[in-house]
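What follows is a short report on a single structure.
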Amino acid sequence: MRIGRFILVLCGCITALYSYGQQSIEFSQYTLNLKNLNPAAVGADDMISIFGTFRSQYAGFEGAPITYYVSADLGFKIGKTKHGAGVSFYDNIVGLYRYQDINLMYAYRIAIKDSYLACGFNVDFSTTSIDKGKIKTVESDYHDSSDPALSGECNDFKLDLGVGVMYYNKKWYAGASLMNIIAPKYQMSENVFFKRKRNLRFMGGYNISFANPLYKLKTYATINTDFVTFTGQVGANIEYKESYWGGLAYRIDGAVVFMAGVRVLNGLVIGYSFDLPTSKLIKSAGCHEVVLSYNFNVDLSKKNKYKSIRYL
């Protein structure tokens with residue numbers, strides 16, 4: 001029954017992928033860091049997790065998006081209850097614009113047999129700004145180099161919120177989150193405004209085991225909508241000995257994703273993905289994404305252990 005339900009959800013995801021659009025930056029290797037999409041995933045592995053991503057989107061184009069993301073979170077107990085907490089920093093540069101966010105995240109987890117039901121929220125302190133140094137001015141009888149629309153500081157600070165819920169175990173997971181609930185409006189100058197849109201996301205994943213226990217197929221899908229357009233990703237990774245993996249995915253904003261990764265030492269994960277555009281943006285050098293993460297515990301009485309935070 002669970003497999004059947006997941007297949008229905010996955011089919012629904014694939015059907016929705018035919019609507020095009022993009023509201024925010026989409027990480028190709030998001031399965032390595034679900035808490036970036038859903039605060040209910042924070043602390044899910046009961047360990048301390050340090051995560052970092054660098055993404056260069058449509059490389060070679062002037063003003064193309066460049067994104068940096070770092071986070072740290074941990075799972076912990078208070079009495080017999082389980083919790084998760086974390087913090088993340090997000091820096092996205094797109095042309096003249098720069099978006100910076102600091103997120104504080106919390107999740108409460110309820111054990112249900114061999115699974116968990118988690119509910120979480122995040123508080124987002126965000127700044128949007130315009131780099132006036134990148135503005136190219138033209139001196140002529142028909143242009144005014146001192147545009148009043150770009151006078152002043154050209155930046156604004158706002159508070160935003162997000163919530164999420166997720167059900168997961170070692171076999172499969174499913175979740176939903178609503179981000180940018182307040183949908184703040186940023187005033188760049190007297191006449192320039194930028195408004196964030198609310199984003200609703202559904203996500204799911206299922207692990208398929210083989211007769212050879214050294215191999216595992218991990219499938220996943222996600223849909224994100226701002227209630228006007230849709231974006232998302234569907235794909236699968238083949239994993240060997242829980243230490244090496246490679247896979248393919250399709251992004252609905254027009255790209256095929258190739259990815260690979262390795263888990264080395266005692267909890268260090270290194271991943272790389274390349275997005276090959278299938279639209280006219282194929283003229284760019286594609287999108288490149290590098291991931292580094294490290295999971296560990298602080299129980300000095302035992303040998304440190306690590307495990308993947310990916311529940312797909």
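No hydrogens, no waters, no symmetry mates; every other heavy atom, side chains included, goes into these values. Being a predicted model, the structure only gives us computed values, none of them experimental. All residue numbers refer to positions in the sequence shown, counting from 1.
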- Are Phe76 and Ile78 close enough, and set up right, to give a side-chain contact (heavy atoms from CB on, under 4.5 Å), and what steps lead you there? CA-CA 7 Å; Phe76 59 94; Ile78 299 179; 3.8 Å; yes

- Take Asn207 and Leu217, measure what side-chain contact (heavy atoms from CB on, under 4.5 Å) needs, and give me the verdict at the end. CA-CA 6 Å; Asn207 296 340; Leu217 181 66; over 6 Å; no

- Task: Decide side-chain contact (heavy atoms from CB on, under 4.5 Å) for Trp245 and Val269; before the verdict, give the C-alpha distance in whole Å, the side-chain angles of both, and the deciding distance to 0.1 Å.
- Result: CA-CA 11 Å; Trp245 65 87; Val269 172; 3.5 Å; yes

- Task: Kindly indicate, with the supporting measurements, whether the criterion side-chain contact (heavy atoms from CB on, under 4.5 Å) is fulfilled by Tyr186 and Thr127.
- Result: CA-CA 8 Å; Tyr186 302 81; Thr127 300; over 6 Å; no

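Under the side-chain contact (heavy atoms from CB on, under 4.5 Å) criterion, Phe258 pairs with Leu248, Val256, Phe274, Leu276, sequence neighbours left out. Residues satisfying the side chain to side chain donor-acceptor pair (under 3.5 Å) test with Asn36, not counting sequence neighbours, are none. Every residue meeting the side-chain contact (heavy atoms from CB on, under 4.5 Å) condition with Tyr108, not counting sequence neighbours, appears here in chain and number order: Thr81, His83, Tyr106, Ile110. Annotation: side-chain contact (heavy atoms from CB on, under 4.5 Å) contacts of Leu200 (sequence neighbours excluded): Leu178, Phe202, Thr225, Phe227.
Thr53 places no side-chain N or O within donor-acceptor distance of the main-chain N or O of Tyr69, the cut-off being under 3.5 Å. Between the side chain of Thr219 and the backbone N or O of Tyr206, at least one donor-acceptor pair lies under 3.5 Å. Judged by distance alone, the side chain of Asp160 and the main-chain N or O of Ile182 form a donor-acceptor pair under 3.5 Å. A donor-acceptor pair under 3.5 Å is absent between the side-chain atoms of Asn295 and the main chain of Gly267, judged by distance alone.
Of the candidates Val163, Ile181, Val42, Phe121 forms a side-chain contact (heavy atoms from CB on, under 4.5 Å) with just one, namely Val163.
Within the structure, the salt bridge (charged side-chain N to carboxylate O under 4.0 Å, His left out) test picks out the following pairs touching residues 71-91 (sequence neighbours left out): Lys35-Asp73, Asp46-Lys82, Asp91-Arg98. Contacts classified as salt bridge (charged side-chain N to carboxylate O under 4.0 Å, His left out) and involving residues 48-58 (residues at least two apart or in different chains) are given here: Arg55-Asp275, Arg55-Glu289.
Phe210 has its side chain within reach of Ile238: a pair of non-hydrogen atoms, C-beta onward, lies under 4.5 Å apart.
In this structure, CZ in Arg201 is found 11.5 Å from CG in Asp226, a value given to the nearest 0.5 Å. To the nearest 0.5 Å, atoms OH (Tyr116) and CE (Met166) are separated by 12.0 Å. The distance from atom CZ of Phe194 to atom OG of Ser129, rounded to the nearest 0.5 Å, is 11.0 Å. To the nearest 0.5 Å, atoms CG (Leu34) and OH (Tyr173) are separated by 4.5 Å. If you take CE on Met259 and CG on Leu32, they are separated by 8.5 Å, rounding to the nearest 0.5 Å. The OH atom of Tyr215 sits 5.0 Å away from atom OH of Tyr240, with the distance rounded to the nearest 0.5 Å.
Scanning all heavy atoms of the two residues, the minimum distance from Gln29 to Gly271 falls at OE1-C, 3.4 Å. Residues Ser71 and Asn33 come closest through the heavy atom pair OG-OD1, 4.1 Å. Met203 and Asn38 make their closest contact through CE-CB, 3.7 Å (heavy atoms, listed as atom of the first residue, atom of the second, distance). Of all the heavy atoms in Ser28 and Arg251, the pair that sits closest is OG-NH1, 3.6 Å.
In the model, Thr128 has no side-chain atom that pairs as donor or acceptor with a side-chain atom of Asp156 under 3.5 Å. Side-chain polar atoms of Tyr90 and Ser126 form no donor-acceptor pair below 3.5 angstrom. For the residue pair Ser115/Asn169, the side-chain donor-acceptor check at 3.5 Å is satisfied. Side-chain polar atoms of Asn199 and Asn224 form a donor-acceptor pair below 3.5 angstrom.
Ion pairing between a basic and an acidic side chain is recognised when a charged N comes within 4.0 Å of a carboxylate O; Lys218 and Glu239 show such pairing.
Atom OH of Tyr244 sits in a sparse spot, with 12 or fewer heavy atoms from other residues, nucleotides or ligands closer than 6.0 Å.
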